[in-house]
Number of protein chains: 2
Amino acid sequence: MALGKNYDGQDCSLARTLELVGERWTMLVVRDALYGVRRYGDFLAHLDIPRAVLSQRLATLVEAGVLERRRYQDSPPRDEYVPTAMGRELWLPLLALGQWGERHLSRRGARRVFSHVDCGGRIDATASCTGCGAAHLPPERIEVRPGPGLADDRSDPVSVALREPHRLLEPLP
Amino acid sequence: MALGKNYDGQDCSLARTLELVGERWTMLVVRDALYGVRRYGDFLAHLDIPRAVLSQRLATLVEAGVLERRRYQDSPPRDEYVPTAMGRELWLPLLALGQWGERHLSRRGARRVFSHVDCGGRIDATASCTGCGAAHLPPERIEVRPGPGLADDRSDPVSVALREPHRLLEPLP
DNA sequence: CATCCTAGTTCATTCACTGAACCGTGGTAG
DNA sequence: CTACCACGGTTCAGTGAATGAACTAGGATG
């Protein structure tokens, strides 16, 4: 989103949600985190986001409890950003938005296909498996694959790694 | 959202969706449209949105096919903005976002409660009825009521009308 | 005729986004 | 010991969208 990030008069959970994740780039950062992107440089290269904006978004998401900043190496000191339980629950709205776009804004086929790791069935917009009927699946049980509509013209490590099937939340690349 | 509304390198249906509905205010406009708000002045009063931004957002949504602009009176000429089928399908992602905020960002209770008009059961984040089990319900089958966490300090016609139970998409106020 | 209502547009100001440059820490190579 | 590089940022000038107030236009209303 953008300027003046608060919707003051709106006593509404949607408005409160958008104050946090509705800013420009934020949902794409969370999506990447759910795909398994964890390092600053990978977000940067995959999203083509200005460094200052990425820093600010990561700080906001950490402060809000959507991501956790975690030391994964001491020398040199390196931190990674990992979705918390709260962040993992954003999977459902992000999926619903993506599926809506797939249905209404895409002329080519699906760019990415989600399937249930336990049965291989396709996932619908409510995170349910159209194969076995399991409802409201968490990201841990989902695999992403490139779909027929995906243009594979990007060469950053994340884009390359996502050309193979990949389970959500598993570290990339 | 904000500046430079396109996510050029992102070959992703979520990014395409956000280019359209991810701008600042846009999702709140769609939410209001699903609640039944139809007139420029009602959006304006309920959202406290700058007039120029509202005009621009309505035009974008009409052009994209999310809303339809419809003449409802000839003298004086007056148009209303009504969700198309494409717009009505945004119900699911908007609900999922709102429910996420309700769970994670709200200290008071729910601000609004959604229920199934056919059985009175509560609606979950996947638009399914927890009472009768009906899945993926469309907005036509949903009723909104004020929840315990709603502060009723606003006096615009839409806020006042929404203090009563109201079926989604039914014209307000 | 004067006033009001609705639905806008215009405009100066403010403020976030952008992209490029710079910085600091800690390896690593010679 | 010095140079250089990788990573993860911060800083900064320029741009452009959001903001809010003022203004406009068409038509009803008194």
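These figures come from a predicted structure and were not determined experimentally. Residue numbers begin at 1 in each chain, while the letters A, B, ... track the order of the sequences.
Residues in residues 56-93 of chain B take part in these ring-ring contact (aromatic ring centres under 6.0 Å, His included) pairs, two or more places apart or across chains: B:Trp91-B:Phe114.
Rounded to an integer number of Å, the gap from B:Arg71 CZ to C:dG8 C1' is 13 Å. Between the CG atom of A:Leu44 and the C1' atom of D:dC7 there is a distance of 10 Å, given to the nearest Å. Atom P of nucleotide C:dT6 and atom CZ of B:Arg38 are separated by 18 Å, given to the nearest angstrom. Straight-line distance from the CG atom of B:Asp48 to the P atom of D:dG20: 9 Å, rounded to whole Å. Atom CG of A:Asp42 and atom P of D:dG9 are 13 Å apart (whole Å). Here D:dG20 presents its P atom at 16 Å from CD of B:Gln56, a figure rounded to the nearest Å. For B:Arg57 and C:dT9, the CZ to P distance is 14 Å, given to the nearest whole Å. The nearest whole Å value for the distance from the CD atom in B:Glu23 to the C1' atom in D:dT19 is 15 Å.
At a cut-off of 3.5 Å, with distance as the only test, no side-chain donor of A:Asp156 or A:His46 sits close to an acceptor on the other residue. If you check the side chains of A:Glu89 and B:His104, you find a donor sitting under 3.5 Å from an acceptor. Side chains of A:Arg122 and A:Thr130: no donor on one and acceptor on the other come within 3.5 Å.
In this structure, B:Leu150 is not a member of the same hydrophobic cluster as B:Leu97, with clusters built from ILVMFWY side-chain heavy atoms closer than 4.5 Å.
The stretch residues 73-83 of chain A touches DNA chain C through A:Ser75, A:Pro76, A:Pro77, each having a heavy atom within less than 4.0 Å of the strand.
Residue B:Arg51 places no side-chain N or O under 4.0 Å from the OP1 or OP2 atom of D:dA21. Side-chain nitrogen and oxygen atoms of A:Trp25 include at least one within less than 4.0 Å of the OP1 or OP2 phosphate oxygen of C:dT18.
Distances were taken from every side-chain heavy atom of B:Ser55 (C-beta onward) to each of C:dG8, D:dA18, C:dG19; the shortest belongs to C:dG8. Among the nucleotides D:dG9, C:dG8, C:dT18, the one closest to the side chain of B:Tyr40 is C:dG8. Each of D:dG9, D:dG20, C:dA7 was ranked by its minimum atom distance to the side chain of B:Arg69; first place goes to C:dA7.
For B:Arg39 and C:dA7, a side-chain-to-base donor-acceptor distance below 3.5 Å is absent, hydrogens and geometry of angles not being considered.
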(message) Between B:Leu105 and B:Trp100, is the side-chain contact (heavy atoms from CB on, under 4.5 Å) condition met? List the steps.
(response) CA-CA 8 Å; B:Leu105 303 175; B:Trp100 182 87; 3.8 Å; yes
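With respect to A:Arg111 and A:Asp152, no salt bridge is recorded, no charged nitrogen being found less than 4.0 Å from a carboxylate O.
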